[in-house]
*Asks:* 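The structure's right below; bear with me while I get my questions together.
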2 protein chains.
Amino acid sequence: MAIRDVSLAFKALSDPTRRDILKKLRNRSMTPGEMTTFFPISKPSLSHHLALLKSANLITADKEGQKIYYSLNATVFYEILNNFLEGFK
Amino acid sequence: MAIRDVSLAFKALSDPTRRDILKKLRNRSMTPGEMTTFFPISKPSLSHHLALLKSANLITADKEGQKIYYSLNATVFYEILNNFLEGFK
DNA sequence: TGTATATTTAGATATTTGTCTAACTATCTA
DNA sequence: TAGATAGTTAGACAAATATCTAAATATACA
């Protein structure tokens, strides 16, 4: 899937917590529960950030039982930034 | 000069009006007065956006008489996005 | 079925943001 | 010096954002 909203993508990237989440997801998929052990943030706040990253198409979610594994959508991630850079050539 | 605040840079890029301003400045330097002929926005609003882009180090300002010429800081612009992409390799 | 676990949703609140009008500062020029 | 022009600053306001606690939903399992 492709870029939907550039503003949303940059907005998603403008928050340090969300960039930290993306950096964690570079290595492997992770559940919100695991993430809360890394960031000093409440579960609802984390959930909010994940929803925003998902709406920006920067991450994907896969439910397995009660858990939800979130993964970096690397393709779209690079697409967004590179497409934007193209516009400035 | 280099990146100062990644959050600020992405925040600056998250607004459509500010991205439009940057795109205009790709071609040439421009004064706020000229810009208002392109965007349906008041001078104070434009001034606000320019201040934000400047604080993010994405543009520079050169005063000549009563006019202020704003220019794209292309170097820092690419630096910000590419450095960020590096972190996701 | 009942309880524990994983996550989201709802609702509240303080902060930030984008916009406007009005007023101010600086510079030019007749 | 007076008036016009270019731009910013001040102040107000509505909308969006990030955060929290409490409640709801969904799944697992004894």
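Throughout, protein chains are lettered first and strands after them, A, B, ... in sequence-line order, and every chain is numbered starting at 1.
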*Asks:* So if I take residues 15-24 of chain B and measure heavy-atom distances to DNA chain D, which residues fall below 4.0 Å?
*Replies:* none
*Asks:* Under the salt bridge (charged side-chain N to carboxylate O under 4.0 Å, His left out) rule, what pairs show up with a residue in residues 65-74 of chain A, not counting sequence neighbours?
*Replies:* none
*Asks:* Using the heavy-atom set of chain A and a strict 4.0 Å cut-off, write down the first and last nucleotide of DNA chain D that makes it in, 5' to 3'.
*Replies:* dT17(D) to dA28(D)
*Asks:* Identify, with sequence neighbours excluded, every residue that meets side-chain contact (heavy atoms from CB on, under 4.5 Å) alongside Ser29(A).
*Replies:* Tyr69(A), Ser71(A)
*Asks:* Kindly write out the residues that satisfy side-chain contact (heavy atoms from CB on, under 4.5 Å) with Asn82(A), not counting sequence neighbours, or none if the list is empty.
*Replies:* Tyr78(A), Leu85(A), Leu85(B)
*Asks:* Distances under 3.5 Å only, N/O to N/O: pair up the protein atoms with those of nucleotides 7-11 of chain C.
*Replies:*
unit_1, atom_1, unit_2, atom_2, d
dT7(C), OP2, Gly33(A), N, 2.7
dT8(C), OP1, Tyr70(A), OH, 2.4
dT8(C), OP2, Ser47(A), OG, 2.8
dT8(C), O5', Ser47(A), OG, 3.1

*Asks:* Less than 4.5 Å apart, side chain to side chain, heavy atoms only: is that true for Ile80(B) and Leu58(B)?
*Replies:* yes
*Asks:* Within the 4.5 Å heavy-atom criterion, are Phe77(A) and Leu22(A) side-chain neighbours or not?
*Replies:* yes
*Asks:* Quick one: side-chain contact (heavy atoms from CB on, under 4.5 Å) partners of Ala51(B), sequence neighbours excluded?
*Replies:* none
*Asks:* Can you give me the bend angle of the helix from dT1(C)-dA30(D) to dA30(C)-dT1(D)? Use the axis through the first five pairs and the one through the last five, nearest 10 degrees.
*Replies:* 10°
*Asks:* Can you name the side-chain hydrogen bond (donor to acceptor under 3.5 Å, both in side chains) partners of Thr60(A), sequence neighbours left out?
*Replies:* none
*Asks:* Measuring from Leu13(A):CG to Leu13(B):CG, what's the distance to the nearest 0.5 Å?
*Replies:* 9.5 Å
*Asks:* Would you please name every residue forming a side-chain contact (heavy atoms from CB on, under 4.5 Å) with Thr17(B), sequence neighbours left out?
*Replies:* Asp15(B), Ile21(B), Ile41(B), His49(B)
*Asks:* Given atom CZ of Phe39(B) and atom C1' of dT19(C), what is their separation to the nearest angstrom?
*Replies:* 16 Å
*Asks:* Restricting to side-chain hydrogen bond (donor to acceptor under 3.5 Å, both in side chains), what partner residues turn up for Thr36(B), sequence neighbours left out?
*Replies:* none
*Asks:* When you look at Leu81(B) and Phe10(B), which way does the side-chain contact (heavy atoms from CB on, under 4.5 Å) test go after all the steps?
*Replies:* CA-CA 9 Å; Leu81(B) 295 180; Phe10(B) 281 122; 3.9 Å; yes
*Asks:* With sequence neighbours excluded, tell me which residues meet salt bridge (Lys or Arg N to Asp or Glu O under 4.0 Å) with Glu64(B).
*Replies:* none
*Asks:* Are side-chain heavy atoms of Lys24(A) and Met30(A) found at a separation under 4.5 Å?
*Replies:* yes
*Asks:* Pick the nucleotide of DNA chain D nearest each of Gly65(A) and Leu52(A); which residue has the one closer to the 5' end?
*Replies:* Leu52(A)
